[in-house]
Amino acid sequence: MLEIKNLVVQIEDNRILNGLNLTVNDGEVAAIMGPNGSGKSTLSYVIAGKADYEVLDGEILLDGNNVLDMSPDERAAAGLFLAFQYPLEIPGVGTMTFLKACINAQRRTRGEGEISTPDFIRKVNAAADKLEIEKDMLKRALNVGFSGGEKKRMEILQMALLEPKFCVLDETDSGLDIDALRIVSEGVNALRAQGRSFLVITHYQRLLDHIVPDTVHVMSKGLIVKTGGKELALELEKSGYADYRSEAA
Ligand code: ADP
Ligand code: MG
Ligand code: MG
(Lines give C-alpha, C1' and ligand atoms only; values in the text may rest on other atoms or scores of the structure.)
(Ligands and ions follow the chains in the order given, each with its own letter.)
Protein backbone atom coordinates (compact mmCIF):
# COMPACT_ATOMS: atom_id res chain seq x y z
CA MET A 1 0.00 0.00 0.00
CA LEU A 2 2.79 2.45 0.93
CA GLU A 3 6.20 2.14 -0.60
CA ILE A 4 9.01 4.53 0.26
CA LYS A 5 12.08 4.31 -1.95
CA ASN A 6 15.44 5.91 -1.27
CA LEU A 7 13.98 8.93 0.55
CA VAL A 8 16.53 11.67 1.13
CA VAL A 9 15.32 14.72 3.07
CA GLN A 10 17.03 17.76 4.50
CA ILE A 11 15.97 20.76 6.50
CA GLU A 12 18.06 23.91 6.65
CA ASP A 13 21.05 22.08 5.13
CA ASN A 14 20.83 19.24 7.69
CA ARG A 15 20.38 15.83 6.11
CA ILE A 16 17.73 14.06 8.22
CA LEU A 17 16.66 11.09 6.09
CA ASN A 18 19.47 9.31 4.26
CA GLY A 19 17.96 7.08 1.61
CA LEU A 20 15.18 5.48 3.65
CA ASN A 21 13.31 2.45 2.26
CA LEU A 22 10.07 1.17 3.77
CA THR A 23 7.15 -0.94 2.55
CA VAL A 24 3.83 -1.27 4.40
CA ASN A 25 1.34 -3.78 3.00
CA ASP A 26 -2.43 -3.54 2.83
CA GLY A 27 -3.97 -4.14 6.26
CA GLU A 28 -0.59 -4.13 7.99
CA VAL A 29 0.27 -2.32 11.21
CA ALA A 30 3.93 -1.37 11.04
CA ALA A 31 5.72 0.16 13.99
CA ILE A 32 8.76 2.40 13.77
CA MET A 33 10.84 2.66 16.90
CA GLY A 34 14.00 4.63 17.37
CA PRO A 35 15.93 7.03 19.57
CA ASN A 36 15.01 10.70 19.80
CA GLY A 37 16.35 12.65 16.86
CA SER A 38 16.49 9.68 14.49
CA GLY A 39 14.06 11.34 12.07
CA LYS A 40 10.76 9.64 12.94
CA SER A 41 8.71 12.84 13.05
CA THR A 42 10.48 14.11 9.94
CA LEU A 43 9.35 10.98 8.11
CA SER A 44 5.74 11.47 9.23
CA TYR A 45 5.77 15.14 8.20
CA VAL A 46 7.26 14.37 4.80
CA ILE A 47 4.59 11.71 4.19
CA ALA A 48 1.88 14.25 5.10
CA GLY A 49 3.46 17.06 3.04
CA LYS A 50 4.54 19.61 5.62
CA ALA A 51 6.39 22.58 4.13
CA ASP A 52 10.07 23.33 4.93
CA TYR A 53 11.31 19.80 4.31
CA GLU A 54 13.40 19.54 1.18
CA VAL A 55 13.07 16.17 -0.55
CA LEU A 56 16.32 15.66 -2.45
CA ASP A 57 15.61 12.18 -3.76
CA GLY A 58 13.23 9.27 -3.59
CA GLU A 59 9.55 8.42 -3.88
CA ILE A 60 6.60 7.84 -1.55
CA LEU A 61 4.05 5.71 -3.38
CA LEU A 62 0.51 5.28 -2.05
CA ASP A 63 -1.19 2.59 -4.15
CA GLY A 64 1.44 3.30 -6.79
CA ASN A 65 0.90 7.09 -6.94
CA ASN A 66 3.74 9.36 -5.84
CA VAL A 67 2.32 11.48 -3.02
CA LEU A 68 5.32 13.82 -3.27
CA ASP A 69 3.60 15.26 -6.36
CA MET A 70 0.45 16.06 -4.33
CA SER A 71 -0.44 18.98 -2.05
CA PRO A 72 -1.23 18.11 1.60
CA ASP A 73 -5.00 18.34 0.97
CA GLU A 74 -4.71 16.11 -2.10
CA ARG A 75 -2.80 13.59 0.04
CA ALA A 76 -5.58 13.68 2.63
CA ALA A 77 -8.17 13.16 -0.09
CA ALA A 78 -6.10 10.23 -1.39
CA GLY A 79 -6.45 8.65 2.05
CA LEU A 80 -3.42 9.74 4.07
CA PHE A 81 -3.88 10.75 7.69
CA LEU A 82 -1.33 12.01 10.20
CA ALA A 83 -2.10 12.06 13.92
CA PHE A 84 0.23 14.63 15.44
CA GLN A 85 2.73 14.08 18.22
CA TYR A 86 1.72 17.49 19.57
CA PRO A 87 -1.85 18.40 18.45
CA LEU A 88 -2.27 22.16 18.10
CA GLU A 89 -4.77 24.27 20.00
CA ILE A 90 -6.86 26.38 17.63
CA PRO A 91 -8.61 29.14 19.59
CA GLY A 92 -11.78 30.44 17.96
CA VAL A 93 -12.41 27.32 15.87
CA GLY A 94 -15.18 25.16 17.32
CA THR A 95 -14.41 21.44 17.34
CA MET A 96 -17.65 20.51 15.57
CA THR A 97 -17.09 23.23 12.94
CA PHE A 98 -13.59 21.91 12.34
CA LEU A 99 -14.70 18.28 12.07
CA LYS A 100 -17.46 19.14 9.62
CA ALA A 101 -15.07 21.25 7.53
CA CYS A 102 -12.62 18.29 7.38
CA ILE A 103 -15.30 15.87 6.24
CA ASN A 104 -16.69 18.30 3.67
CA ALA A 105 -13.24 19.19 2.32
CA GLN A 106 -12.61 15.50 1.74
CA ARG A 107 -16.00 15.01 0.11
CA ARG A 108 -15.50 18.05 -2.15
CA THR A 109 -12.14 16.77 -3.38
CA ARG A 110 -13.86 13.50 -4.20
CA GLY A 111 -16.64 15.29 -6.05
CA GLU A 112 -19.30 14.42 -3.44
CA GLY A 113 -21.83 16.84 -1.92
CA GLU A 114 -21.69 18.15 1.66
CA ILE A 115 -22.71 15.88 4.53
CA SER A 116 -26.14 16.73 5.99
CA THR A 117 -26.16 18.11 9.53
CA PRO A 118 -28.15 15.18 11.01
CA ASP A 119 -25.84 12.63 9.33
CA PHE A 120 -22.82 14.56 10.58
CA ILE A 121 -24.05 14.71 14.17
CA ARG A 122 -24.96 11.01 14.17
CA LYS A 123 -21.54 10.09 12.81
CA VAL A 124 -19.60 12.26 15.28
CA ASN A 125 -21.63 11.12 18.29
CA ALA A 126 -21.15 7.45 17.45
CA ALA A 127 -17.39 7.87 17.01
CA ALA A 128 -17.07 10.07 20.14
CA ASP A 129 -18.91 7.49 22.27
CA LYS A 130 -16.46 4.78 21.27
CA LEU A 131 -13.53 6.98 22.26
CA GLU A 132 -15.17 8.05 25.53
CA ILE A 133 -15.09 11.71 24.42
CA GLU A 134 -17.40 13.95 26.45
CA LYS A 135 -20.00 15.83 24.39
CA ASP A 136 -18.91 19.02 26.18
CA MET A 137 -15.47 18.71 24.62
CA LEU A 138 -17.03 18.81 21.16
CA LYS A 139 -18.58 22.19 21.98
CA ARG A 140 -15.25 23.79 22.86
CA ALA A 141 -12.61 25.33 20.59
CA LEU A 142 -10.39 22.67 18.99
CA ASN A 143 -7.95 21.24 21.56
CA VAL A 144 -8.03 24.45 23.62
CA GLY A 145 -7.48 23.52 27.26
CA PHE A 146 -7.79 19.78 26.46
CA SER A 147 -5.57 17.46 28.49
CA GLY A 148 -2.85 15.50 26.69
CA GLY A 149 -5.09 12.44 26.61
CA GLU A 150 -8.09 14.39 25.32
CA LYS A 151 -6.01 15.88 22.48
CA LYS A 152 -4.86 12.42 21.41
CA ARG A 153 -8.41 11.06 21.56
CA MET A 154 -9.46 13.99 19.36
CA GLU A 155 -6.80 12.94 16.80
CA ILE A 156 -8.20 9.41 16.74
CA LEU A 157 -11.74 10.79 16.43
CA GLN A 158 -10.63 12.69 13.31
CA MET A 159 -9.05 9.50 12.02
CA ALA A 160 -12.26 7.54 12.59
CA LEU A 161 -14.36 10.18 10.81
CA LEU A 162 -12.11 10.51 7.76
CA GLU A 163 -11.75 6.73 7.27
CA PRO A 164 -8.23 7.00 5.84
CA LYS A 165 -6.35 4.31 3.92
CA PHE A 166 -3.01 5.01 5.47
CA CYS A 167 -2.66 6.34 9.02
CA VAL A 168 0.52 7.67 10.56
CA LEU A 169 0.51 7.97 14.34
CA ASP A 170 3.49 9.93 15.60
CA GLU A 171 4.19 9.16 19.27
CA THR A 172 0.50 9.03 20.04
CA ASP A 173 1.47 7.54 23.41
CA SER A 174 3.42 10.58 24.60
CA GLY A 175 1.57 12.36 27.38
CA LEU A 176 -1.00 9.59 27.83
CA ASP A 177 -1.85 8.01 31.16
CA ILE A 178 -2.69 4.32 31.19
CA ASP A 179 -6.48 4.81 30.77
CA ALA A 180 -6.08 7.21 27.85
CA LEU A 181 -3.54 4.83 26.30
CA ARG A 182 -6.09 2.02 26.47
CA ILE A 183 -8.89 4.15 24.98
CA VAL A 184 -6.69 5.45 22.16
CA SER A 185 -5.36 1.96 21.41
CA GLU A 186 -8.86 0.45 21.36
CA GLY A 187 -9.90 3.24 19.00
CA VAL A 188 -7.03 2.39 16.66
CA ASN A 189 -7.60 -1.35 16.91
CA ALA A 190 -11.27 -0.89 16.00
CA LEU A 191 -10.14 0.79 12.76
CA ARG A 192 -7.77 -2.02 11.76
CA ALA A 193 -9.11 -3.47 8.51
CA GLN A 194 -8.26 -4.68 5.04
CA GLY A 195 -7.81 -1.61 2.89
CA ARG A 196 -6.27 0.33 5.78
CA SER A 197 -2.69 0.30 7.04
CA PHE A 198 -0.95 2.00 9.93
CA LEU A 199 2.48 3.36 10.64
CA VAL A 200 2.78 3.59 14.42
CA ILE A 201 5.77 5.64 15.50
CA THR A 202 6.88 5.29 19.07
CA HIS A 203 9.91 5.68 21.27
CA TYR A 204 8.64 3.21 23.86
CA GLN A 205 7.48 -0.37 23.66
CA ARG A 206 4.41 -0.01 25.90
CA LEU A 207 2.11 1.33 23.14
CA LEU A 208 2.82 -1.86 21.20
CA ASP A 209 1.39 -3.97 24.06
CA HIS A 210 -1.94 -2.36 23.16
CA ILE A 211 -1.59 -1.88 19.39
CA VAL A 212 0.15 -5.12 18.49
CA PRO A 213 2.11 -4.52 15.28
CA ASP A 214 2.63 -6.97 12.42
CA THR A 215 6.14 -5.61 11.81
CA VAL A 216 8.62 -3.53 13.75
CA HIS A 217 11.24 -1.34 12.10
CA VAL A 218 14.11 0.27 13.94
CA MET A 219 15.12 3.71 12.75
CA SER A 220 18.44 5.33 13.48
CA LYS A 221 20.06 8.37 11.91
CA GLY A 222 17.54 8.65 9.12
CA LEU A 223 17.58 5.00 8.06
CA ILE A 224 15.66 1.82 8.80
CA VAL A 225 18.43 -0.32 10.26
CA LYS A 226 16.48 -3.41 11.29
CA THR A 227 13.11 -5.02 10.55
CA GLY A 228 11.43 -7.81 12.49
CA GLY A 229 8.22 -9.05 14.05
CA LYS A 230 6.55 -7.81 17.22
CA GLU A 231 9.18 -9.54 19.35
CA LEU A 232 11.75 -6.99 18.12
CA ALA A 233 10.01 -4.33 20.22
CA LEU A 234 10.44 -6.43 23.36
CA GLU A 235 14.08 -7.03 22.52
CA LEU A 236 14.63 -3.27 22.19
CA GLU A 237 12.95 -2.67 25.53
CA LYS A 238 15.67 -4.84 27.11
CA SER A 239 18.73 -3.84 25.13
CA GLY A 240 17.98 -0.21 24.21
CA TYR A 241 19.00 1.50 20.99
CA ALA A 242 22.79 1.59 21.53
CA ASP A 243 23.55 -1.26 19.08
CA TYR A 244 21.55 0.36 16.32
CA ARG A 245 23.19 3.78 16.65
CA SER A 246 26.54 2.26 15.71
CA GLU A 247 24.94 0.20 12.95
CA ALA A 248 23.59 3.36 11.28
CA ALA A 249 26.95 5.08 11.63
P1 ADP B 1 12.42 12.06 16.13
O2 ADP B 1 11.00 12.28 15.83
O3 ADP B 1 12.92 10.71 15.77
O4 ADP B 1 12.76 12.42 17.54
P5 ADP B 1 12.85 14.34 14.40
O6 ADP B 1 12.39 13.97 13.04
O7 ADP B 1 11.98 15.21 15.23
O8 ADP B 1 13.28 13.04 15.19
O9 ADP B 1 14.25 15.07 14.25
C10 ADP B 1 15.33 14.52 13.51
C11 ADP B 1 16.48 15.51 13.46
O12 ADP B 1 16.10 16.62 12.65
C13 ADP B 1 16.88 16.07 14.82
O14 ADP B 1 18.29 16.13 14.86
C15 ADP B 1 16.28 17.44 14.82
O16 ADP B 1 17.03 18.32 15.60
C17 ADP B 1 16.33 17.82 13.34
N18 ADP B 1 15.25 18.76 12.99
C19 ADP B 1 13.92 18.51 13.04
N20 ADP B 1 13.21 19.60 12.67
C21 ADP B 1 14.12 20.55 12.38
C22 ADP B 1 14.04 21.92 11.96
N23 ADP B 1 12.85 22.49 11.75
N24 ADP B 1 15.19 22.59 11.76
C25 ADP B 1 16.38 21.98 11.95
N26 ADP B 1 16.55 20.73 12.37
C27 ADP B 1 15.43 20.01 12.59
MG1 MG C 1 11.44 13.27 19.26
MG1 MG D 1 9.31 12.81 16.98
Side-chain angles (χ1 to χ4, degrees), residues 2 4-24 29-60 67-68 72 75 80-89 143 148-149 151-156 158-159 166-177 180-181 184-185 188 198-208 210-211 213 215-228 232-233 235-237 239-249:
L2 191 87
I4 300 178
K5 293 183 193 166
N6 187 37
L7 190 62
V8 180
V9 173
Q10 71 175 21
I11 182 158
E12 290 165 11
D13 294 333
N14 296 319
R15 204 57 88 79
I16 312 292
L17 303 182
N18 296 302
L20 182 139
N21 295 297
L22 176 70
T23 300
V24 183
V29 175
I32 291 190
M33 301 183 71
N36 273 322
S38 56
K40 304 184 300 296
S41 290
T42 299
L43 174 63
S44 65
Y45 289 144
V46 172
I47 293 172
K50 190 179 177 190
D52 306 332
Y53 293 91
E54 204 182 333
V55 178
L56 301 178
D57 202 359
E59 288 179 321
I60 303 177
V67 304
L68 294 173
R75 297 181 197 201
L80 273 179
F81 182 89
L82 168 64
F84 287 120
Q85 181 172 4
Y86 303 109
L88 295 180
E89 299 193 4
N143 291 327
K151 285 179 183 171
K152 296 297 168 77
R153 270 183 274 162
M154 185 54 63
E155 295 288 295
I156 305 304
Q158 291 164 35
M159 195 166 95
F166 194 86
C167 310
V168 183
L169 286 83
D170 188 9
E171 298 209 25
T172 290
D173 46 338
S174 67
L176 292 189
D177 61 30
L181 186 66
V184 163
S185 301
V188 171
F198 293 83
L199 191 60
V200 179
I201 296 172
T202 184
H203 185 73
Y204 298 105
Q205 188 269 335
R206 69 169 194 170
L207 177 68
L208 306 180
H210 298 267
I211 304 172
T215 24
V216 174
H217 303 276
V218 182
M219 186 162 174
S220 180
K221 299 187 176 159
L223 283 174
I224 302 294
V225 292
K226 181 153 179 144
T227 295
L232 181 55
E235 213 177 282
L236 279 168
E237 184 78 349
S239 60
Y241 291 114
D243 296 352
Y244 299 104
R245 284 205 181 88
S246 51
E247 209 160 304

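In each ligand, atom 1 is the first atom listed, and ligand 1 is the first ligand listed.
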Asks: Would you say I11 has any N or O atom under 3.5 Å from an N or O of ligand 1, going by distance alone?
Replies: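 Min N/O separation from ligand 1 is not below 3.5 Å for I11.
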Asks: Any nitrogen or oxygen of G37, main chain or side chain, under 3.5 Å from a nitrogen or oxygen of ligand 1?
Replies: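 Yes, there is a polar N/O contact under 3.5 Å.
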Asks: Under 4.0 angstrom from ligand 1, any heavy atom of G34?
Replies: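 It does not, in that no heavy atom of G34 comes within the 4.0 Å cut-off of ligand 1.
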Asks: Yes or no: does S44 have any heavy atom under 4.0 Å from an atom of ligand 1?
Replies: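 Contact check S44 vs ligand 1: negative.
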Asks: Is there an N/O/S atom in N36 that lies less than 2.8 Å from the Mg ion (ligand 3)?
Replies: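 For N36, the answer is no, given that no N, O or S atom comes within less than 2.8 Å of the Mg ion (ligand 3).
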Asks: Which atoms of ligand 1 have any heavy atom of I16 under 4.0 Å away?
Replies: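 It comes down to these atoms of ligand 1: 10 (C), 11 (C), 12 (O), 17 (C).
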Asks: Show me, pair by pair, the donor-acceptor contacts under 3.5 angstrom made by side chains of residues 45-53, not counting sequence neighbours?
Replies:
none

Asks: Under a 4.0 angstrom heavy-atom cut-off, which atoms of ligand 1 come close to P35?
Replies: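 With P35 as reference, the close atoms of ligand 1 come out as 3 (O).
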Asks: Need the ligand 1 atom indices (1-based, order shown) with element for anything under 4.0 Å from a heavy-atom of S41.
Replies: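 That gives atoms 1 (P), 2 (O), 6 (O), 7 (O) of ligand 1.
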Asks: Report the C-alpha distance between L181 and T172 in whole Å, list the side-chain angles of each, state the deciding distance to 0.1 Å, and finish with yes or no for side chain to side chain contact (heavy atoms under 4.5 Å, CB included).
Replies: CA-CA 9 Å; L181 186 66; T172 290; over 6 Å; no
Asks: Strictly distance-based, threshold 3.5 Å: is any side-chain N or O of K226 a donor or acceptor partner for the main-chain N or O of L232?
Replies: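 Not confirmed, K226 side chain does not pair with L232 backbone.
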Asks: My understanding is that only residues two or more places apart in sequence, or in another chain, count here; which of them pass side chain to side chain contact (heavy atoms under 4.5 Å, CB included) with A233?
Replies: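 A233 satisfies side chain to side chain contact (heavy atoms under 4.5 Å, CB included) with M33, Q205, L208, V216 once adjacent residues are dropped.
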Asks: Mind checking the CG-CG spacing from L22 to L7? Nearest 0.5 Å is all I need.
Replies: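 So the gap between those two atoms works out to 10.0 Å.
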Asks: Is there any N or O on T42 that sits under 3.5 Å from an N or O of ligand 1?
Replies: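 Between T42 and ligand 1 (N or O atoms, distance only) the closest approach is under 3.5 Å.
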Asks: Relative to atom 25 (C) of ligand 1, which among K40, Q10, E12 owns the nearest non-hydrogen atom?
Replies: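 It is E12 that holds the nearest heavy atom.
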Asks: Please indicate whether F84 has more than 12 foreign heavy atoms, meaning atoms of other residues, nucleotides or ligands, lying under 6.0 Å from its CZ.
Replies: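 Count not over threshold, so no.
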Asks: Can you list the ligand 1 atoms lying under 4.0 Å from a non-hydrogen atom of N36?
Replies: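 Heavy-atom distances to N36 below 4.0 Å select 4 (O).
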Asks: State whether the side chain of K152 and the backbone N or O of Y86 hold a donor-acceptor pair below 3.5 Å, judged by distance alone.
Replies: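 No; zero donor-acceptor contacts below 3.5 Å.
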Asks: Stepwise, does the side chain to side chain contact (heavy atoms under 4.5 Å, CB included) test hold for L169 with L199?
Replies: CA-CA 6 Å; L169 286 83; L199 191 60; over 6 Å; no
